[in-house]
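Reading through the structure tokens given below for one structure.
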Number of protein chains: 2
Amino acid sequence: MGKLADTVVTRLRGGIVDGTYAPGTRLVEADLCREFGVSRVPVREALRHLEAEGFVVSRPYAGVRVARFGPDEAADLFAVRRALEETTARRAATRMRDRTSVAGRDPGLEELGERLTSLVAMGHTALREWPEEVAALNTSFHATIAELSGSTVLVSLFRQVAAKIEWLYAMDVGVRGPHSWSEHAAIAEAVTAGDPERAAALMAEHVEASLTGYLLRHAPQ
Amino acid sequence: MGKLADTVVTRLRGGIVDGTYAPGTRLVEADLCREFGVSRVPVREALRHLEAEGFVVSRPYAGVRVARFGPDEAADLFAVRRALEETTARRAATRMRDRTSVAGRDPGLEELGERLTSLVAMGHTALREWPEEVAALNTSFHATIAELSGSTVLVSLFRQVAAKIEWLYAMDVGVRGPHSWSEHAAIAEAVTAGDPERAAALMAEHVEASLTGYLLRHAPQ
DNA sequence: CAGGGTCGGAATGTATACAAACGCCGCCGG
DNA sequence: CCGGCGGCGTTTGTATACATTCCGACCCTG
């Protein structure tokens with residue numbers, strides 16, 4: 001097994017995102033050690049990692065706290081996400097288009113493509129049978145496209161933005177808007193068909209719709 | 001003085017960005033300890049931080065290496081940067097516009113605004129007298145606008161993207177394109193005047209021009 | 001001589017121990 | 001009674017020591 005710090009990062013970030021650790025909560029190293037059953041070094045490394053990602057803030061000798069996350073930043077986040085996913089979709093489609101010319105240099109490419117279409121199918125059935133699974137499938141869908149882009153920079157930026165959006169949704173009711181899997185299907189089709197511009201446009205539109213839905217549910221008050 | 005890890009992060013990232021540590025170089029903890037005169041714990045924390053930012057990659061028990069950074073990712077990076085800075089400029093201008101209504105709740109706001117205009121002035125004079133200072137002033141200019149946005153999320157994302165762009169420029173010749181400080185002046189004017197949409201549009205155009213310049217210098221071959 | 005297996009060194013992962021700084025609580029003086 | 005201040009406990013920052021894993025060299029065998 002790899003590094004303890006990685007599992008601590010995952011669990012801590014999960015706890016922050018799902019609201020177990022509320023914004024402003026002070027995270028004491030010793031407590032986290034007891035909670036995760038590890039020493040202080042992995043805990044500190046994990047905290048540094050999350051600090052770099054912006055989930056916690058720390059002041060010297062004053063400890064680390066869960067970052068505060070105002071709804072003002074929602075629109076900013078969606079703006080960044082729009083550009084980010086527009087780009088990942090475009091590059092993913094480009095790579096799918098050129099995959100034959102490079103003679104299957106990346107064997108994982110086909111696998112990811114199949115995973116994408118299978119996720120769309122699963123999404124359609126889950127939509128009416130296991131609604132609670134839809135959110136996870138949605139995340140996987142977008143993450144798969146990011147991985148298809150093949151750019152480590154894009155993937156790492158996407159991870160952070162996606163996690164923060166997740167956080168955003170979890171902070172209020174926890175109910176996410178109705179997912180339009182028909183849009184997902186269209187995006188997946190454009191990506192696998194290797195049409196970069198169509199994929200980018202559809203993805204941009206999809207994120208835009210997502211933001212509109214979010215604002216509709218929150219602005220009215 | 002705060003944390004040793006922070007200074008190590010800064011110096012290491014600087015070394016990576018300016019080419020002291022070439023991509024693919026293995027970073028041995030003990031060597032870094034001797035180099036910076038600190039123990040392994042701060043070094044490890046710094047490495048974790050840089051890993052989260054995507055400047056190094058690490059495999060368990062295989063050490064950490066400086067990330068490889070293909071020119072393919074340049075266009076992606078600029079696309080993200082465009083959206084990011086478009087957003088920071090818009091929010092910065094919004095905050096400047098509304099700064100009176102909230103009755104100067106943020107005293108640092110005025111200071112940052114003045115710093116912005118002073119940076120523009122310094123840029124104009126530096127352009128013809130100390131050309132080697134221009135790059136640093138450019139970075140400060142964009143960073144100041146990011147801080148003016150007041151969004152920790154945007155600032156943290158901006159830092160990473162900006163450093164990577166810096167890296168990009170440093171990896172080849174080290175000569176950056178001619179900086180158009182007239183564009184900077186226009187942006188600063190729109191921001192301080194509190195015109196969000198104009199600031200956003202100008203910034204987007206500015207980044208776009210930056211990308212065009214980059215591609216012109218690299219695509220031709 | 002080639003190939004594979006095994007052993008040793010070196011570097012990472014983890015835990016524990018020590019030092020420095022902050023904040024809180026109680027005390028004292030005005 | 002209230003505000004400043006100093007001691008003390010808690011927590012973070014740093015260093016050192018131990019355990020685990022990987023990589024490479026060497027040797028043995030076919």
Side-chain angles (χ1 to χ4, degrees), chain A residues 1-16 20-69 152 156 159, chain B residues 1-16 20-69 108 152 155-156 159:
Chain A
M1 222 266 293
K3 311 203 246 189
L4 287 187
D6 284 333
T7 74
V8 175
V9 166
T10 304
R11 290 183 58 181
L12 246 184
R13 182 168 42 202
I16 291 174
T20 303
Y21 303 96
T25 305
R26 178 153 179 196
L27 299 175
V28 179
E29 295 179 3
D31 297 345
L32 298 175
C33 291
R34 276 187 292 277
E35 181 164 352
F36 295 113
V38 297
S39 169
R40 277 183 61 206
V41 174
V43 167
R44 284 180 63 83
E45 290 184 17
L47 289 175
R48 291 291 298 190
H49 189 109
L50 292 175
E51 185 188 12
E53 289 185 346
F55 287 100
V56 303
V57 293
S58 87
R59 278 182 15 223
Y61 295 101
V64 3
R65 292 178 176 279
V66 178
R68 301 202 177 268
F69 198 50
T152 59
S156 103
R159 280 226 181 87
Chain B
M1 221 269 290
K3 310 202 246 189
L4 288 188
D6 284 333
T7 75
V8 175
V9 166
T10 304
R11 291 182 58 180
L12 247 183
R13 183 168 41 201
I16 291 174
T20 303
Y21 304 96
T25 305
R26 177 151 180 196
L27 299 175
V28 180
E29 295 178 4
D31 296 346
L32 298 174
C33 292
R34 276 188 291 277
E35 180 164 351
F36 295 113
V38 298
S39 167
R40 278 184 61 204
V41 174
V43 168
R44 286 179 61 83
E45 289 185 18
L47 289 175
R48 291 290 299 187
H49 188 108
L50 292 175
E51 185 188 11
E53 289 185 345
F55 287 100
V56 302
V57 293
S58 85
R59 278 185 13 226
Y61 295 103
V64 7
R65 294 176 175 280
V66 178
R68 303 202 176 267
F69 199 47
T152 59
V155 169
S156 102
R159 280 226 180 89

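Labels below follow one simple rule: chain letters A, B, ... track the order of the sequence lines, proteins then strands, and each chain is numbered from 1.
Within the 4.5 Å cutoff, no side-chain heavy atoms of B/Leu50 are placed close to those of B/Val64. In this structure, the side chains of B/Val8 and B/Val38 come closer than 4.5 Å at one or more pairs of heavy atoms. Side chains of A/Tyr21 and A/Leu12 form a contact here, defined as non-hydrogen atoms less than 4.5 Å apart.
One can place CG of B/Asp31 at 10 Å from C1' of C/dA11, the figure rounded to the nearest angstrom. Between A/Arg65 atom CZ and D/dT11 atom P the separation is 13 Å, expressed in whole Å. Rounded to a whole Å, the CD atom of B/Glu51 is 14 Å from the C1' atom of C/dG13. The distance between atom CD of B/Glu45 and atom C1' of C/dG13, rounded to the nearest whole Å, is 14 Å. As rounded to whole Å, 13 Å separates atom P of D/dA19 from atom OH of B/Tyr61. For the pair B/Glu29 CD and C/dT14 C1', the computed distance is 12 Å after rounding to whole Å.
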Check your understanding: Going through the checks in order, is the side-chain contact (heavy atoms from CB on, under 4.5 Å) test met by A/Val41 and A/Leu4?
Key -> CA-CA 10 Å; A/Val41 174; A/Leu4 287 187; over 6 Å; no
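A residue-by-residue look at A/Arg59 and B/Ala62 shows that B/Ala62 has its nearest nucleotide of DNA chain C further toward the 5' end.
Side-chain N or O atoms of B/Arg65 include one that pairs as donor or acceptor with a backbone N or O of B/Gly24 at under 3.5 Å.
B/Leu27 comes within 4.0 angstrom of sugar-phosphate atoms only, judged by non-hydrogen atoms across all strands, and of no base. Using a 4.0 Å heavy-atom cutoff across all strands shown, A/Val64 reaches no nucleic acid atom at all.
Here the side chain of B/Arg44 is nearest to one of C/dA11, C/dG13, C/dA21, namely C/dG13.
With hydrogens and angles left out, the side-chain atoms of B/Glu53 and B/His49 include a donor and acceptor closer than 3.5 Å.
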Distances under 3.5 Å between nitrogen or oxygen atoms of protein and nucleotides 15-17 of chain D:
{"residue": "D/dA15", "atom": "OP2", "partner": "B/Ser39", "partner atom": "N", "Å": "2.7"}

